[in-house]
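Here is how names work: the chains are called A, B, and so on, in the same order as the sequence lines, proteins then strands, and each is numbered from 1. Keep in mind it's a predicted model, so treat the numbers as computed, not measured.
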Amino acid sequence: MERDYQPQIIEPEIQKSWESEKTFKTTEDHNKPKFYCLCMFPYPSGKLHMGHVRNYTIGDVISRFMTMKGYNVLQPMGWDAFGMPAENAAIKNQLPPATWTYENIDHMRRQLKRLGFGYDWDRELATCTPDYYRWEQWLFTRMVDKGLAYRKKARVNWDPVDRTVLANEQVVDGRGWRSGALVEKREIDQWFIRITDYADELLDDLNSVDWPEQVKTMQRNWIGRSQGVEFSFERQGTQERLEVYTTRPDTIMGITYVAVAAQHPIATKAAETNPDIAAFIRDCAQMSVIEADLAKAPKKGIATGEYVIHPFSGEEIPIWIANFVLMDYGSGAVMAVPGHDQRDWEFATQYGLPIKPVIKSYDDDPDYDISKQAWCEKTGVTINSGQFDNLTFEQAFEAVANAIEDQRIGRVTTNYRLRDWGVGRQRYWGCPIPIIHTDEGLKIVRDEDLPVTLPEDVVVDGSESPLIGRSDFVDTVDPETGRQAKRETDTFDTFMESSWYYARFASAFSNDAMLDQNANYWLPVDLYIGGIEHAILHLLYARFFHKVLRDLDLVVTNEPFKKLLTQGMVLKDGSKMSKSKGNTVDPQELIDRYGADTVRLFMMFAAPPELSLEWSDDGVAGAHRFLKRLHTLVTEHVGQGNHLTSDTLELDALSDSARDLYRKLHETVAKVSDDIGRRYHFNTAIAAVMELTNSAIKFNATTESDWQVLSEVIETLVILLSPITPHIAQHLWSQLGNDGSLIDTHWPTVREDALIRDTVTLIVQVNGKLRGRIQVATDADDETVMRMAREEPSVAKFLGGMIEKKAIVIPQKIINLVVAPKR
RNA sequence: GCCGGUGUGAUGGAAUUGGUAGACAUACCGGACUUAAAAUCCGGAGAGGGAAACCUCGUGCCAGUUCGAGUCUGGCCACCGGCACCA
């Protein structure tokens, strides 16, 4: 028998047998409970990075564990294959994006297979293939039919040198990343999808999913549902009105100005006659399109010279144009209450506008000083507010809202921070938007003409999309009129593809519909695993798509992902390891050197999934060393010829040391089962397995029952580790004389009677400080335990000259004696 | 700026429900084996004081709740993620 651990020999052999025996082929088996375990699919950037290895190892460990627990497990894999990096690579390498992408997929598929992940490869998909994206195009045409998709102008980054639209990522310090030209902003017509129609449902259904609270909170805040009041001011000297939205109607008497967005019609109108205003608006139009930049930008504004009339006081209030007011939120205009809103306060301070306090804090809070900052708490009462004086937030809200409704100038409304989803991209390597521009207007492409296929033989040069110059793509005929038409050259946001792939895996073989009935066998995804960086956008879009699919009767559930596990990032040098930053560590080198099992073991041992993990090369060797120790333990055990298995081990017949080892065995089974199956804390599961291994190595077996215990320990170790390091486990399993695939074996169960202890160690504290330990019988009564605690010498010496005031006893754990000096 | 997280030995982390802080590893130090090295095996180790027994301090910082706080509360600091065209 081969005595050395040789992963480079055994791993490929075992992988070959999984492939030839179709071990991970999945079918819809109604005799077992199903378990759909999905990891976020990768962008095929070239090669796997550590984040992928971490993500997919977690999924594989859970999938293998659930299989051994008797579930019918689906674990698929595919490729999020459209996107910008392929175009960048195409420019650099003079290769079409498709060629680059398919080569990357081939390489990364080999890497995934080399890591031993148990995927059902028959279901593999790549989003850049017409077989996949035709259904996305089909779905989009249904959305157009239902009025869920519409056209609207949106601002984009325009590189005047490369004559192309840039992604935010491609704008560096306000300049195009390739040309270095100052980036301009352009307004262009774009397709939007009405995700806001589903805002309430997206918010409310968060309560029905088993997701980390932090992710649900982030999504709730992102949707940002607020109750407020929408009302309009009379504009002095005109017949027109100005509509605003506020969540703080209780502060209405503190308005000292109103502010409108630079894109607001009032601003546009004012600019016609005032060149300063026109210049200000032009400046605003060149501001960043990134919200974080806008929030940090210095507040700027300009007075319009126009006024509105306060609905209750009749005062004249100036209208300002301000760069911090967003046209997309509410009506693009706000009532400004600088006393009680920090942004309004800063703006008023800067431009010398009055600040009027209308809320007084209840308890003379020392932070209440309106000359220094706004008071934004809702805990005070109204002052200086005439008819609305001396009211709490709730009372004032209601009174003001009623007064506004009585005047018929507004009403209570719900508003959302969430905006509709702009899905058009002026890029080549994406799913073509199935629209034709005809002389009768825009028309969706008919079902029978789908898919609109993206030509793959193109030259990408960094300027405008190559689709625009392709007459074989652009020129078409309107099937209704027979007249000339042009195809839309925009493609979809790649979040479109990743919003429904989870469902397509579940009906991977459906050729004549987007989804078939198998989708409803597998869905929802029982466990979805991926990076925390997707907590909002991807997960929100996918949830939205699922509801659209449901409303089209394609699925029956409300939510796509029942449980979510968000893994922390793999960091290198303190920041996210990513292809865009180019700071990746290549897992392939580690696989070549140590084998897949070592890499898998190390990744799972280094940190629990949800924590971010700073990569370091230290420790991989330690994981490898452990596998060698295990390999040696098992091969020596088998070599000694004393591998004895018994179904009827008599606990009473065991020596003390064998009894202890046997108890530890079952404690380990309990811990590992809980850690893998419930907590997803693989690092502590591995630590427990290591402890048991160390105990097994130290154990000196002499009798037949000793050998039986050791044999059971060794066999169980191999099984417990098999989800994490499946190759060495399978190899050792065979060495131990077992036939067949280890994954067909049942997960071990805990023998409860093996866990029973006769004695337990209790901690004794005096005034909360550890002073001693006592060994007591598990069934000892409190009186006995207390006597032993007080008599324990290390404890007793702290009791001299003291009066015992209190004794806290936590059974089987701790005793705390609270004492004070005698006087 | 806003939203969400994280912070424990030299390092990664453990402590699951408020009850022994530092499991299990890595790096390090010492020993065994070896002509030697590697590999392997055995042992040590939070910091400070002490000859030792043992004592004191210690989970980013400052307060608080509690018999008892890494864990709960309030306030700060640092770092990480997201902010709608990176995926």
Side-chain angles (χ1 to χ4, degrees), chain A residues 40 42-43 45 80 82-85 154 156-157 165-171 190 212-215 217-222 224 289-297 324 328 342-343 417-427 493-495 498 531-538 540-541 566 568-569 571 574-576 578-581 602 605-608 610-614 616 618-623 625-626 628-629 632 671 674-675 678-679 681 683-684 686-691 694 697 761-765 767-770 773 794 805-808 810 813-818:
Chain A
M40 291 181 186
Y43 178 81
S45 55
D80 188 14
F82 276 136
M84 225 172 35
V156 295
N157 302 304
V165 174
L166 299 179
N168 288 338
E169 193 189 46
Q170 297 173 311
V171 179
Q190 302 254 44
E213 215 41 58
Q214 53 152 314
V215 176
T217 304
M218 280 192 269
Q219 291 215 350
R220 285 187 189 109
N221 292 340
W222 186 261
V289 298
I290 301 169
E291 197 185 275
D293 293 341
L294 294 176
K296 279 182 254 183
F324 65 86
D328 296 318
Q342 190 57 23
R343 275 178 321 183
R417 206 187 71 97
L418 180 69
R419 306 199 293 261
D420 277 340
W421 176 12
V423 295
R425 297 290 181 269
Q426 297 69 48
R427 272 199 270 284
D493 177 4
T494 57
F495 275 126
S498 56
I532 184 69
E533 67 272 25
H534 294 293
I536 295 176
L537 292 179
H538 162 61
L540 192 66
Y541 292 145
T566 49
M569 255 147 296
L571 307 178
S575 71
K576 176 183 171 180
S578 74
K579 55 193 169 291
S580 58
K581 287 183 186 150
F602 174 70
F605 185 55
E610 69 272 17
L611 283 192
S612 64
L613 150 59
E614 170 70 32
S616 106
D618 295 343
V620 182
R625 196 176 306 152
F626 170 73
K628 280 202 281 192
R629 269 158 67 80
T632 305
K671 169 136 185 80
D674 189 50
D675 281 352
R678 179 182 66 87
R679 295 213 304 155
H681 276 206
N683 56 331
T684 51
I686 293 165
V689 168
M690 286 175 168
E691 281 192 56
N694 292 342
I697 289 171
T761 304
L762 285 190
I763 301 307
V764 186
Q765 297 181 334
N767 286 345
K769 283 191 176 163
L770 172 67
R773 292 156 219 268
S794 58
K805 309 197 84 163
K806 201 171 172 184
I808 287 114
I810 308 295
K813 270 192 178 157
I814 202 163
I815 294 168
N816 189 9
L817 302 172
V818 183

Task: Nearest-nucleotide pick for A/Arg625, side chain only, options being B/rU40, B/rU16, B/rG19 - done: B/rU40
TODO: Select base, sugar-phosphate, or nothing to describe what A/Pro608 touches, counting heavy atoms under 4.0 Å on all strands.
DONE: sugar-phosphate
- [ ] Provide the closest heavy-atom pair for A/Leu613 versus A/Ala606 in the form atom of the first, atom of the second, distance.
- [x] CD1-CB, 3.9 Å
Open item on the list: Whole angstroms only, please: what is the CG-P distance between A/Asp293 and B/rG82?
Closed with: 14 Å
Open item on the list: Determine whether a donor-acceptor pair (N or O, by modelled atom type, separation under 3.5 Å) exists between the side chain of A/Gln219 and the backbone of A/Ala535.
Closed with: yes
Task: Partners meeting side chain to side chain contact (heavy atoms under 4.5 Å, CB included) with A/Asn694 (sequence neighbours left out) - done: A/Arg629
Task: Nearest to side-chain heavy atoms of A/Ile814, which nucleotide of B/rU20, B/rC67, B/rC24 - done: B/rU20
TODO: Check every strand shown and say whether A/Asn694 touches a base, only sugar-phosphate, or nothing at a heavy-atom separation below 4.0 Å.
DONE: sugar-phosphate
Task: Spacing of the P atoms in B/rU17 and B/rC28 (rounded, Å) - done: 36 Å
- [ ] Could you provide the dot-bracket string of RNA chain B, using ( ) for intrastrand pairs, [ ] for crossing pairs and | for bases paired to another strand, with Watson-Crick or G-U pairs below 3.5 Å?
- [x] (((((((..(((......[....))).(((((.......))))).((((....))))..(((((..]....))))))))))))....
Open item on the list: Between B/rC24 and B/rA45, how many Å separate the two C1' atoms, rounded to a whole number?
Closed with: 16 Å
Task: A/His534 side-chain proximity, nearest of B/rA87, B/rC85, B/rG13 - done: B/rA87
- [ ] Output the single nucleotide from B/rC85, B/rU20, B/rA84 whose closest atom is nearest the side chain of A/Leu770.
- [x] B/rU20
TODO: Looking at every strand, decide which applies to A/Gln170 at a 4.0 Å heavy-atom threshold: base, sugar-phosphate, or nothing.
DONE: nothing
TODO: To the nearest Å, give me how far apart OH (A/Tyr541) and P (B/rA87) are.
DONE: 12 Å
TODO: Look at the side-chain N and O atoms of A/Asn683 and state whether any lies under 4.0 Å from the OP1 or OP2 oxygen of B/rC24.
DONE: no
Open item on the list: Considering every strand and a 4.0 Å limit on heavy-atom distances, what is the contact class for A/Leu817: base, sugar-phosphate, or nothing?
Closed with: nothing
TODO: Kindly say whether, by distance alone, the side chain of A/Lys769 makes a donor-acceptor pair under 3.5 Å with the base of B/rU20?
DONE: no
Task: Spacing of A/Gln765 atom CD relative to B/rG19 atom P, expressed in whole Å - done: 11 Å
TODO: Scan A/Gly531 against the nucleic acid and name what it touches under 4.0 Å (heavy atoms): base, sugar-phosphate only, or nothing.
DONE: nothing
Open item on the list: Less than 4.0 angstrom between a side-chain N/O of A/Arg629 and OP1 or OP2 of B/rC41, yes or no?
Closed with: yes
Task: Length of the CD-C1' vector between A/Gln219 and B/rA84, whole Å - done: 13 Å
Open item on the list: Going by the glycosidic torsion and a 90 degree boundary from 0, is the base of B/rG9 oriented syn or anti?
Closed with: syn
Open item on the list: Looking at A/Lys806, I'd like to know whether one of its side-chain N or O atoms comes within less than 4.0 Å of OP1 or OP2 on B/rC67.
Closed with: yes
Open item on the list: For the C1' atoms, the ones on B/rG75 and on B/rA27, what distance do you get once it is rounded to whole angstrom?
Closed with: 38 Å
- [ ] Name the nucleic acid region contacted by A/Lys296, choosing base, sugar-phosphate or nothing; use a 4.0 angstrom heavy-atom cut-off, strictly under.
- [x] base
Open item on the list: Using the P atom as the point on both nucleotides, what is the distance between B/rA14 and B/rC29, in whole Å?
Closed with: 27 Å
Open item on the list: The side chain of A/Asn816 is closest to which nucleotide in this list: B/rG19, B/rC24, B/rG81?
Closed with: B/rG19
Task: Spacing of the C1' atoms in B/rG58 and B/rA21 (rounded, Å) - done: 9 Å
Task: Interatomic distance, A/Phe602 CZ vs B/rG13 P [rounded to whole Å] - done: 10 Å
- [ ] Report the nucleotide, chosen from B/rG12, B/rU20, B/rA39, that has the shortest atom-to-atom distance to any side-chain atom of A/Lys628.
- [x] B/rA39
TODO: Quick one: label A/Phe626 by what it contacts on the DNA or RNA (base, sugar-phosphate, nothing), any heavy atom closer than 4.0 Å.
DONE: nothing
TODO: Report which part of the nucleic acid A/Arg417 touches: base, sugar-phosphate, or nothing (heavy-atom distance under 4.0 Å, all strands).
DONE: base
- [ ] Using a 4.0 Å heavy-atom cut-off across all strands, classify A/Ala292 as base, sugar-phosphate, or nothing.
- [x] base
TODO: Apply salt bridge (charged side-chain N to carboxylate O under 4.0 Å, His left out) to the pair A/Arg417 and A/Glu291, showing each step before the final yes or no.
DONE: CA-CA 12 Å; A/Arg417 206 187 71 97; A/Glu291 197 185 275; 3.6 Å; yes
- [ ] Just compare B/rA84, B/rC67, B/rA14 and give me whichever is closest to any side-chain atom of A/Val818.
- [x] B/rC67
Open item on the list: Taking side chain to side chain contact (heavy atoms under 4.5 Å, CB included) as the definition, give me every residue that meets it alongside A/Thr566, ordered by chain and number, with sequence neighbours left out.
Closed with: A/Pro212, A/Val215, A/Ile532, A/Leu564
Task: From A/Glu610 atom CD to A/His681 atom NE2, the distance as rounded to the nearest 0.5 Å - done: 4.0 Å
- [ ] Determine the Euclidean distance between corresponding P atoms of B/rG50 and B/rG60; express it in Å to zero decimal places.
- [x] 29 Å
TODO: Can you tell me, in whole Å, how much space there is between the C1' of B/rU65 and that of B/rU71?
DONE: 14 Å
- [ ] May I have the distance from A/Asn168 (atom CG) to B/rG82 (atom C1'), rounded to whole angstrom?
- [x] 13 Å
TODO: Can you sort out the partners of A/His534 under ring-ring contact (aromatic ring centres under 6.0 Å, His included), two or more places apart, ordered by chain and number?
DONE: A/His538
Task: Spacing of A/His538 atom NE2 relative to B/rA87 atom P, expressed in whole Å - done: 13 Å
Open item on the list: Restricting to side-chain hydrogen bond (donor to acceptor under 3.5 Å, both in side chains), what partner residues turn up for A/Asp80, sequence neighbours left out?
Closed with: none
Task: Polar pair under 3.5 Å, donor/acceptor by atom type, side chain A/Gln426, base B/rC85 - done: yes
Task: Closest listed nucleotide, where the reference is the side chain of A/Ala607 and the choices are B/rG13, B/rA87, B/rA25 - done: B/rG13
- [ ] Can you tell me the distance, in whole Å, between the CZ atom of A/Arg773 and the C1' atom of B/rG19?
- [x] 13 Å
Open item on the list: I'd like the P distance from B/rG4 over to B/rG43, given in whole Å.
Closed with: 49 Å
Task: Closest nucleotide among B/rG81, B/rG12, B/rG13 to the A/Met569 side chain - done: B/rG81
Open item on the list: I want to check one thing: is the phosphate of B/rU16, taken as OP1 and OP2, less than 4.0 Å away from some side-chain N or O of A/Arg679?
Closed with: no
Strictly under 3.5 Å: I want the nitrogen or oxygen pairs between protein and nucleotides 2-8 of chain B, one per line.
unit_1, atom_1, unit_2, atom_2, d
B/rC3, O3', A/Asn221, ND2, 2.7
B/rC3, O2', A/Asn221, ND2, 2.9
B/rG4, O2', A/Gln214, OE1, 3.2

